[in-house]
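These notes are about the structure you will find just below.
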2 protein chains.
Amino acid sequence: MPDHLSRRRPSLHEARCQTCSLSSLCLPLALELEDMDHFDAIIRRRAPLKKGEPLFRQDETFTSVFAVRSGSLKQVTTEGSGNDQLTNFYLPSELVGLDGIDEEHYPGSVIALETTTVCEIPFDRLDMLAEELPDLRSQLFRSMSKEMRDDRRMMRLLSRKTADQRMASFLITLSDRFRRRGYSPFSFRLSMSRADIGNYLGLAVETVSRILSRFQNQDVVAVSGREVNILGMQRLVALAEEETPEVASS
Amino acid sequence: MPDHLSRRRPSLHEARCQTCSLSSLCLPLALELEDMDHFDAIIRRRAPLKKGEPLFRQDETFTSVFAVRSGSLKQVTTEGSGNDQLTNFYLPSELVGLDGIDEEHYPGSVIALETTTVCEIPFDRLDMLAEELPDLRSQLFRSMSKEMRDDRRMMRLLSRKTADQRMASFLITLSDRFRRRGYSPFSFRLSMSRADIGNYLGLAVETVSRILSRFQNQDVVAVSGREVNILGMQRLVALAEEETPEVASS
DNA sequence: CGGCTTCTTGATCTCGATCAATCAGCGTGG
DNA sequence: CCACGCTGATTGATCGAGATCAAGAAGCCG
């Protein structure tokens, strides 16, 4: 993640939706000014999380969803003994915790990858407001629907794609998310470790490292530590889409 | 004109939520009788789908969600050329199409695996009703949240589990869903082909077949064609949870 | 510095894909 | 009724992508 994402402490006037630079991407995106006031009123500001700090832990009681304001987080689900699964990364404007509504508990821990600030949105208040504001309700449905759609894409990636395609897809997706947030899509900093990437993509750390080295040798990207430069977006897209031979189909 | 002639409703008394045997599992589960009337009023009954018939196709405009009344369906997403991904199976009382809200198009085709009946719920009407009925709204959020949670479980399965664990998990999940619908959790019929199972679990057809044979030899299940008998649920659970050595973790 | 963790690179092994062949079911038409 | 063809399922033999094991290198912070 670009450093300025995490460095920027919200000054006071940023701490309101009306003046937040993310408002066009975030939950209140469809609201009129007046409605946004109502929405803004239920938000709780939070002290910034330091790297490694949890926003909440798995199995804690679900109370709120969170909008990322700056920084980034990962969601990790532990099942059985010591076998974690990293199910998502969250960037600014994205909504965290929606999968906890059902069952009333968060299904995974969400942990800051760098200094991170979030807006807390108590869900009972949000639900009440969703009753009054059709646009807010609609946006909430959309957000959840989008997350389901992204999950399906991820399943496809995990069950059909080769290691190379996974890495390429991962870099493209990140690039895209940065672009839509107004940052360079070609030059950014990874806030997650190689281990995180491997865990997320279903690959061994060694494989992640090897593939990045190979991409580098092929001049598709330039990687230095966590700094990434995409040199050939075309090639990268080609790598991600390359026809995988065949699998079961009905 | 007498009412029963002008109505295009199927005359089955089951065709109303109030008397539907699934109402305790389905969307209106939390509604008072009076509210259920309102909900019932927006439902459109549909002619049964025959095996192989699509409920809707990928990229069609999103208009409705559907509740499965009887039978079963699969959701298939095609991307690129001829490379399908089966992302879900749907059983009675489950909600189909929620991932189409965002983007206004269905992200995959949904196809009947056998003769199947569904209730069509126009989404704009549902949304309006969700404004008036907090319980309905809540249940809708829950359904979506649950689907996200299930998706995450699936990601975990695809990225961490061995072929044996996948098959075992699959059978257990099915068994569980049958149990909650009042059917035998130990004896049921698979409505999907081996190819469908393989596609869903990210395995080759041959692997699915081999594992079922092996499970059979170990007296964990008895399989005859699509008929399944679970002989050792304990063993099956053990197979599904067996510690997978190690993978990347942070 | 030294003691960490994270990352890279090399060598080997393994699970499940792929290739190939046969078999079983099942509707269709002669 | 059976022969035919088609699709789905099973079983065997081989192969390869990526995991695992092993050892260094490079950051990073006290």
Side-chain angles (χ1 to χ4, degrees), chain A residues 3 50-52 74 83 85-86 113-114 157-168 170 189-217 221-228 239 242-250, chain B residues 50-52 74 83 85-86 113-114 157-170 189-217 221-228 239 242-250:
Chain A
D3 245 338
K50 284 195 274 291
K51 178 174 175 172
K74 62 177 175 182
N83 200 343
Q85 169 71 20
L86 204 165
L113 291 170
E114 57 193 312
L157 178 143
L158 290 172
S159 81
R160 296 263 108 79
K161 298 200 175 186
T162 64
D164 284 24
Q165 293 174 316
R166 292 182 201 192
M167 265 311 299
F170 176 69
R189 176 167 226 285
L190 303 171
S191 59
M192 66 292 283
S193 67
R194 302 287 194 270
D196 285 338
I197 297 175
N199 189 321
Y200 180 60
L201 296 178
L203 300 173
V205 198
E206 296 93 324
T207 305
V208 171
S209 191
R210 264 185 260 276
I211 291 175
L212 283 178
S213 298
R214 187 144 34 79
F215 282 2
Q216 172 135 261
N217 290 338
V221 295
V223 184
S224 169
R226 294 188 172 187
E227 218 61 54
V228 173
L239 278 166
E242 215 151 61
E243 214 51 67
T244 312
E246 277 272 349
V247 199
S249 95
S250 37
Chain B
K50 284 195 275 290
K51 179 176 175 171
K74 61 177 174 182
N83 200 342
Q85 168 71 22
L86 203 165
L113 291 170
E114 58 195 311
L157 177 144
L158 290 172
S159 81
R160 296 263 109 78
K161 298 201 175 184
T162 65
D164 284 23
Q165 293 174 316
R166 293 183 200 192
M167 265 312 298
S169 300
F170 177 69
R189 175 166 225 286
L190 302 171
S191 59
M192 67 292 285
S193 66
R194 302 288 193 270
D196 284 338
I197 297 174
N199 189 320
Y200 180 61
L201 296 178
L203 300 173
V205 198
E206 295 92 326
T207 305
V208 172
S209 193
R210 262 185 262 275
I211 292 175
L212 284 178
S213 298
R214 186 144 38 77
F215 282 2
Q216 172 136 258
N217 290 338
V221 294
V223 183
S224 168
R226 294 189 172 187
E227 219 61 54
V228 173
L239 279 167
E242 213 151 64
E243 214 52 66
T244 311
E246 275 272 349
V247 200
S249 95
S250 38

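Fair warning: this is a prediction, and the values are worked out from it, not measured in the lab. Chain identifiers are assigned alphabetically (A, B, ...) following the order of the sequence lines, protein sequences preceding nucleic acid strands; residue numbering begins at 1 within each chain.
The two residues A163(A) and L203(A) make their nearest non-hydrogen contact at CB-CD2, 3.7 Å. In terms of heavy atoms, S169(B) sits closest to K161(B) at OG-NZ, 3.2 Å. Listed here is the closest heavy atom pair of L158(A) and R166(A): O-NH2, 3.0 Å.
One end of the helix from dC1(C)-dG30(D) to dG30(C)-dC1(D) points its axis 30° away from the other end's axis, with each axis taken from 5 pairs and the angle rounded to 10°.
The base of dG10(C) sits within donor-acceptor range of the side chain of R210(A), with an N or O pair under 3.5 Å.
Across the protein-nucleic acid pair, R226(A) atom CZ and dT6(C) atom P stand 8 Å apart, rounded to whole Å. With rounding to whole Å, M167(A) atom CE is found 13 Å from dG18(D) atom P. In this entry the distance linking CZ of R214(B) with P of dG12(D) reads 12 Å, nearest Å. Going from atom CD of E206(B) over to atom P of dG12(D) covers 13 Å, rounded to whole Å. Taking atom CZ of residue F215(B) and atom P of nucleotide dA9(D), one finds them 17 Å apart after rounding to whole Å. Atom CG in D196(B) sits roughly 15 Å away from atom P in dT7(D) (whole-Å rounding). Distance L158(B) CG to dA17(C) P: 12 Å, rounded to the nearest Å. Atom pair K51(B):NZ and dT7(D):C1' shows a separation of 10 Å (rounding to whole Å applied).
The side-chain hydrogen bond (donor to acceptor under 3.5 Å, both in side chains) search around E114(B) returns S72(B), not counting sequence neighbours. E227(B) is linked by a salt bridge (Lys or Arg N to Asp or Glu O under 4.0 Å) to R189(B), counting only residues two or more places apart in sequence or in another chain. Shown here are the side-chain hydrogen bond (donor to acceptor under 3.5 Å, both in side chains) partners of Q85(B), two or more places apart in sequence or in another chain: S159(A), R160(A).
Side-chain N/O atoms of S209(A) include none lying less than 4.0 angstrom from OP1 or OP2 on dT6(C). A sub-4.0 Å separation between OP1 or OP2 of dT5(C) and a side-chain N or O of S193(A) is absent.
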Show every donor-acceptor pair shorter than 3.5 Å between a side-chain atom in residues 207-214 of chain A and any protein atom, with sequence neighbours excluded, or say none if there are none.
{"from": "S213(A)", "atom 1": "OG", "to": "S209(A)", "atom 2": "O", "distance (Å)": "3.1"}
{"from": "R214(A)", "atom 1": "NH1", "to": "D164(A)", "atom 2": "OD2", "distance (Å)": "2.7"}
{"from": "R214(A)", "atom 1": "NH2", "to": "D164(A)", "atom 2": "OD1", "distance (Å)": "3.2"}

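Contact annotation: the side chain of Q165(A) approaches that of E242(A) to within less than 4.5 Å [non-hydrogen atoms, C-beta and beyond]. Considering only heavy atoms from C-beta on, D196(A) comes within 4.5 Å of L113(A) through its side chain. Taking the side chain as every heavy atom from C-beta outward, L239(B) and F215(B) approach each other to under 4.5 Å.
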Short heteroatom pairs, N/O only, protein and nucleotides 14-16 of chain C, under 3.5 Å:
{"from": "dG16(C)", "atom 1": "OP1", "to": "A163(B)", "atom 2": "N", "distance (Å)": "2.6"}

Dump the pairs, protein N or O against N or O of nucleotides 28-30 of chain D, anything under 3.5 Å, distances to one decimal.
none

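With L86(B) as the partner, the side chain to side chain contact (heavy atoms under 4.5 Å, CB included) test is satisfied by one option alone out of I197(B), L201(B), N199(B): N199(B).
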